[in-house]
Amino acid sequence: MSLETVLTGVAAARAPFAATSADLRATALRRVADVLDAAAGELVALAHRETNLPEKPRLYAELERTTFQLRLFAETVVEGGYLSVTVDSPDTCWPAGGRADLRRMLVPVGPVAVFAASNFPFAFSVAGGDTAAALAVGCPVVLKANPGHPLLSDRVGELVTGALSAAGLPDGVFGVVHGLEEGRALVLDARIRAGAFTGSLQGGRALFDLACSRPEPIPFHAEMSSVNPVFVTASAARERVEGIAEGYVASYTLGAGQFCTKPGLVFVPASAAADFEAYAQQALSGRVAEPLLNDGIAARYSSTLDTLRSHPAVRVLVAGSGVAPTLLGCDAADFLAARDELLVECFGPTSMVVRYSSADELVACARAFTGELAAAVHGSLDDEEVEPLVALLTERVGRVLWNGWPTGVSVTYAMQHGGPYPATTMPGHTSVGTTSLRRFLRPVVYQNMPQALLPEVLRDGNPLGVPRRVDGVVSR
């Protein structure tokens, strides 16, 4: 199907889809989930052939996560709290000046361009979180397929389109397109009202710049580069250095290091660094090379790794052959001096151990970061550097972990998967969890509007029974 045909379809579907009930959209999302579950064997086999990812447990688990997410979003839209309905009754004595009848809610922005990721062929692809969030709130979707799994994209697209139609949604609410130039044209088309992307800094920034260059700029939610640092205090290293080293290796090699939340740097005290590195080397000794997603990703990984390990400040602790896990090391003083050269995402099974000499130097290293998806602190409450560390990281990342590892992003109500630039272009939002729906909504206030002209959710008596804040009090 051509890009123009798909765009014509989503434009025609915009108004009728926005007017559908939450119950109908929820039914459609559940139907999509059911159809994907029923085709699991076919889809997983196809995903394995195109991405090199193992069928079990990885791809089956990822598909299960994807269909769970669809059903969770269905539950969320029926509950109605995502609309943030707020009602202020008229009050001529309101201290800030007479108050009119004000009724506020969130409404869908319109057709959304979704750019699928390469490393999650289900959860961040055709029927993944961005698509599910947009459809849940009533926004048609044009899905730009990832070139890493084109056949899977088309097949999932067929299943999604059929399920949405069978549920009774308007024609044209969803379509799949392919091609680099089609992606550029998609972002620039006036019929597209928002965008979502998961991928590289270079690709995300280019599309974000296009979205901002339009005569009428649109929000473009790009999740991009992140190294997700881990900070180990001296007390934590003394008490459990072996366990931390083993957890670190398991985290940075998970999925051949192709997770956006992979810990790319771990900061350990110099006094414990030799033990930490030895335990990490031991944990790596039994690990073999896993194929990366495709040749393009493998080539970029090799190029970035070659640049890092040829840096004069970098030591090679474990020299993985080809795409076998690699472990690098350097000193904190050198890291701070060469921050721009060493603070880069190496998308694949490589990470770096940074030795620091004091608590002050550890805090200085944390201050060197700008925007990350996640960061972790391994320590104890008695460590005096913990409080400033957490405060610094709160300014710089979307998710701060205590004695844990950043890989593993659950789909929940409270999850935050985002962060300041360059982790994302929109730090006020998340691409995972129920709050991700807000990316494709905008607020509207109706002032002194007759009941007959109000959306049903704003009318007196709360006919849909959604959570509302009325005159400052939450009610239902």
Taking only residues two or more places apart in sequence or in another chain, which ones pass ring-ring contact (aromatic ring centres under 6.0 Å, His included) with Phe120?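 Partners of Phe120 under the ring-ring contact (aromatic ring centres under 6.0 Å, His included) test: Phe124, Phe259.
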Student check: side-chain heavy atoms of [X] and [Y] closer than 4.5 Å:
{"X": "Glu64", "Y": "Phe68", "result": "no"}
{"X": "Val249", "Y": "Arg287", "result": "yes"}
{"X": "Phe440", "Y": "His221", "result": "yes"}
{"X": "Phe174", "Y": "Val126", "result": "yes"}
{"X": "Glu361", "Y": "Phe335", "result": "no"}
{"X": "Thr253", "Y": "Leu284", "result": "yes"}
{"X": "Thr434", "Y": "Glu75", "result": "no"}
{"X": "Val156", "Y": "Ser125", "result": "no"}

Which heavy atom of [X] sits nearest a heavy atom of [Y], and at what distance?
{"X": "Gly419", "Y": "Leu373", "answer": "N-CD2, 4.5 Å"}
{"X": "Ala127", "Y": "Val160", "answer": "CB-CG2, 4.0 Å"}
{"X": "Tyr252", "Y": "Pro263", "answer": "CB-O, 3.6 Å"}
{"X": "Leu343", "Y": "Ala368", "answer": "CD2-O, 4.0 Å"}
{"X": "Leu201", "Y": "Pro422", "answer": "CD1-CB, 3.9 Å"}
{"X": "Pro108", "Y": "Cys139", "answer": "CB-SG, 3.5 Å"}

Check side chain to side chain contact (heavy atoms under 4.5 Å, CB included) between Pro427 and all other residues, then give those that pass, not counting sequence neighbours.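 Result, side chain to side chain contact (heavy atoms under 4.5 Å, CB included) vs Pro427: Thr424.
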Would you say [X] has more than 12 foreign heavy atoms packed within less than 6.0 Å of its [atom1]?
{"X": "Arg184", "atom1": "CZ", "answer": "no"}
{"X": "Arg339", "atom1": "CZ", "answer": "yes"}
{"X": "Glu158", "atom1": "CD", "answer": "yes"}

Report yes or no: does [X] contribute a side-chain atom to a donor-acceptor pair with the main-chain N or O of [Y] at less than 3.5 Å?
{"X": "Arg439", "Y": "Ser436", "result": "yes"}
{"X": "His378", "Y": "Thr233", "result": "no"}
{"X": "Glu50", "Y": "Leu152", "result": "yes"}
{"X": "Asp383", "Y": "Ser380", "result": "yes"}
{"X": "Thr198", "Y": "Glu223", "result": "no"}
{"X": "Asp331", "Y": "Ala333", "result": "no"}
{"X": "His48", "Y": "Leu53", "result": "yes"}
{"X": "Glu42", "Y": "Ala39", "result": "no"}
{"X": "Ser303", "Y": "Ala299", "result": "no"}
{"X": "Lys262", "Y": "Pro349", "result": "no"}

Nearest 0.5 Å please: distance from the [atom1] atom of [X] over to the [atom2] atom of [Y].
{"X": "Asp306", "Y": "His311", "atom1": "CG", "atom2": "NE2", "answer": "14.5 Å"}
{"X": "Gln282", "Y": "Glu277", "atom1": "CD", "atom2": "CD", "answer": "14.0 Å"}
{"X": "Ile297", "Y": "Asn119", "atom1": "CD1", "atom2": "CG", "answer": "7.0 Å"}
{"X": "Thr86", "Y": "Arg469", "atom1": "OG1", "atom2": "CZ", "answer": "7.0 Å"}
{"X": "Met426", "Y": "Ser431", "atom1": "CE", "atom2": "OG", "answer": "13.0 Å"}
{"X": "His417", "Y": "Cys260", "atom1": "NE2", "atom2": "SG", "answer": "3.5 Å"}

Report the C-alpha separation of Arg30 and Asp34 in whole Å, then their side-chain angles, then the decisive distance to 0.1 Å, and conclude whether the salt bridge (charged side-chain N to carboxylate O under 4.0 Å, His left out) test is met. CA-CA 6 Å; Arg30 294 187 184 107; Asp34 291 343; over 6 Å; no
With a 6.0 Å cut-off on ring centres, are Phe208 and Phe220 close enough?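 When the ring centroids of Phe208 and Phe220 are compared, they turn out to be at least 6.0 Å apart.
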Ring geometry between Phe231 and Phe267 (parallel below 30°, tilted from 30 to 60°, perpendicular above 60°):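 Rings of Phe267 and Phe231: parallel, under 30°.
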Just say parallel, tilted or perpendicular for the rings of Phe276 and Tyr248, cut-offs at 30° and 60°.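 Because their plane-to-plane angle lies in the 30° to 60° range, the rings of Phe276 and Tyr248 count as tilted.
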Please check if any side-chain donor atom of Ser251 sits under 3.5 Å from a side-chain acceptor atom of Thr407, or the reverse.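 There is such a pair between these side chains.
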Using a distance-only test with no angle check, is there a side-chain donor-acceptor pair under 3.5 angstrom linking Asn228 and Ser226?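 The criterion, which ignores hydrogens and geometry beyond distance, is satisfied for Ser226 and Asn228.
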Report the C-alpha separation of Leu159 and Leu43 in whole Å, then their side-chain angles, then the decisive distance to 0.1 Å, and conclude whether the side chain to side chain contact (heavy atoms under 4.5 Å, CB included) test is met. CA-CA 10 Å; Leu159 293 172; Leu43 298 177; 4.0 Å; yes
Are Arg193 and Glu216 ion-paired here, with the side-chain N under 4.0 Å from a carboxylate O?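 Salt bridge flag = yes for Glu216 with Arg193.
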Is Arg65 salt-bridged to Glu62, going by a charged N under 4.0 Å from an acidic O?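 Glu62 and Arg65: not salt-bridged.
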How far apart are the C-alpha atoms of Val230 and Trp405, what are their side-chain angles, what is the distance that settles it, and do they pass the side chain to side chain contact (heavy atoms under 4.5 Å, CB included) test? CA-CA 8 Å; Val230 175; Trp405 301 101; 3.7 Å; yes
In sequence, state the C-alpha distance, the side-chain angles, and the governing distance for Arg367 and Asp360, and then conclude on salt bridge (charged side-chain N to carboxylate O under 4.0 Å, His left out). CA-CA 11 Å; Arg367 192 175 288 113; Asp360 287 343; over 6 Å; no
Begin from the C-alpha positions of Ser213 and Leu188 and carry the test side chain to side chain contact (heavy atoms under 4.5 Å, CB included) through to its verdict. CA-CA 8 Å; Ser213 75; Leu188 292 172; 4.0 Å; yes
Is there a side chain to side chain contact (heavy atoms under 4.5 Å, CB included) between Tyr82 and Leu441 once you walk through the steps? CA-CA 9 Å; Tyr82 79 100; Leu441 297 163; 3.7 Å; yes
